[in-house]
Amino acid sequence: MEGRDQIVLVLDFGSQYSMLIARKVRECNVYCEIVRHDIPASEIARLVPRGIILSGGPSSVYDDGAPRCDPGIFSLGIPILGICYGMQLMARMLGGDVGRADRREYGKAELAIDDDSDLFAGLGGSTTCWMSHGDSVTVVPPGFTTIAHTYNTPIAAMRDETRRLFGIQFHPEVAHTPRGKEILQNFLYRICGCSPSWTAAAFVEESTRRIRDHVGDEGRAVCALSGGVDSSTAAVLVHRAIGRRLTCIFVNNGVLRKGEPERVLSTFRDHFKLDVVYVDATERFLAALRGVRDPEEKRKRIGHEFIRIFEEEARKLGNVEFLVQGTLYPDVIESRASDTGPAARIKSHHNVGGLPEDMELKLIEPLRYLFKDEVRVVARELGLPEEIVGRHPFPGPGLAVRVIGEVTRERLDILREADAIVEEEIRRAGLYDELWQAFAVLPAIRSVGVMGDERTYAYPVALRAVTSQDGMTADWARLPYDVLERISNRIINEVHGVNRVVYDISSKPPSTIEWE
Ligand code: XMP
């Protein structure tokens, strides 16, 4: 939080909600952070936030052990906005009343605005809002007035003008509340007095300065570069701060896509002038994967091998004190939520899990407060090529989890060629940016075909293309037939060892995006 002079805190009563709110606040160019719901008022006072937002959450204020905030926060003189559960909690803690609902109100509602002087300024008499709640406020606390209502919810928004405390029952952070951003902007700019100064350029400047301070004049750092947007952005940012005292280690694990090692090296060595140690460890990884068919075992072996190689290379460098990691904010929140908050633990992917503890490296995590879309904005600000910034996600275990069954050099080569054709044709059709991922999979079967006069017995290639917001759920992409046809023709004609192409038309759930 250091140096971010205008900060808004989101108190976390259910991290999915908090995260969405935090993203929306940052979209208003105001820096914000998510903190525990029970953070002491004294700690908040020390952080001097411009405003506080109490998030929604899955609890009812009547539940045993329902999460509460420190009552002291209401008398700090800092503006507070309670959203959904946050509003109900505020009402209950300040002497109002909350009614238990027989049934949930869920969906769009027309919000009639009774007072448009501050929170709802500029919205006119009514606006659409998204409701998702069981309980609701039935009596406002002393000092509060009702400032909006809906058909089902007589107290849909409330305010204590003197103490600058606000509560809204609906969710301004979701797209179904079309003017939710204006409501948040009113809170941030009008009520809290924030200005929209949190930008990528400001982030880059400030991070550079902080990394420099942290590492000092002599310190050296090492990072694992994968060519993905997170590790690339982290590396370029740290390089901006400490130059060639950063060494990047780029391990070719033999399961990368076609042309990837060359592309990563030319971008970072030639263009950005980073000090990159390139390790072609293809043989070691293939040896570690020999005979392995189980997907989780493949992941485990690739992970172990990677750590071993990284460790060997890092030790060769000598006195390195710092390790750069591209950890993102959702990972931080989710791992924090798992041991504290009311939110359920959600699966999280870590870039480089389980790095050697005995190396005693201090961490530099320059992206630890950023969301993925913010990383992309920062990456562009740093001049990273669009090819890296907009690149589809690629799993750490790479093509090894797309060669079904045993991973051999021959089968990897087949898949690599087929995959390159898929990407080329998807880009040529202008569809790349619309898709979450599009790639080829090599099943462990063969089928009969006929080429010329000859019978063939060769592999099929499965084409997988999905749309998704976050990879948690996904829909198979309705690719145009002519694109499917071009991909199929090219793969069968150009990739030796393939005589058939099939299209995967399953969504997630119940399928997953990757086949393994
Ligand atoms: P699934 O297959 O679980 O994938 O629907 C969801 C997203 O996660 C990626 N994925 C991985 N990423 N290591 C990673 O770094 C992995 O082991 C891994 N497995 C899946 C997948 O590509 C998709 O974007």
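Source: prediction; values computed, not measured. Numbering starts at 1 and runs along the sequence shown. All ligand and atom numbering here is 1-based and tracks the order in the structure.
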With distance as the sole criterion, is a donor-acceptor pair present between the side chains of R446 and Y457 under 3.5 Å?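 No pair is found: no donor N or O on one side chain lies under 3.5 Å from an acceptor on the other.
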Under a 4.0 angstrom heavy-atom cut-off, which atoms of ligand 1 come close to [X]?
{"X": "W436", "answer": "24 (O)"}
{"X": "T512", "answer": "1 (P), 2 (O), 5 (O)"}
{"X": "K508", "answer": "1 (P), 3 (O), 5 (O), 6 (C)"}
{"X": "G471", "answer": "6 (C)"}

Hey, would you say the H133 and Y106 ring centroids sit under 6.0 Å apart?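 Aromatic pair excluded; centres sit 6.0 Å or further apart.
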Using distance alone, decide if ligand 1 has a nitrogen or oxygen within less than 3.5 Å of any nitrogen or oxygen in [X].
{"X": "P393", "value": "no"}
{"X": "P397", "value": "no"}
{"X": "R402", "value": "no"}

Can you run down the ring pair (Phe, Tyr, Trp, His ring centres under 6.0 Å) pairs that involve residues 239-267, sequence neighbours left out, and say none if there aren't any?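 Those involving residues 239-267 are F250-Y278.
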Could you note down all residue pairs passing ring pair (Phe, Tyr, Trp, His ring centres under 6.0 Å) where residues 399-449 supplies at least one of them, sequence neighbours left out?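 As it turns out, the ring pair (Phe, Tyr, Trp, His ring centres under 6.0 Å) pairs with a partner in residues 399-449, which skip direct neighbours, are H392-Y432.
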Heavy-atom contact check, 4.0 Å cutoff: does F394 meet ligand 1?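 It does not; every heavy atom stays at 4.0 Å or beyond.
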Return yes if some donor-acceptor pair links the side-chain N/O of E406 with the main-chain N/O of G291 below 3.5 Å, else return no.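 A pair under 3.5 Å: yes.
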If you draw the axis of the six-membered ring of Y329, does the NZ or CZ of R368 fall within 45° of it and under 6.0 Å from the ring centre?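 No; the conditions do not both hold, so R368 does not lie above the ring face of Y329.
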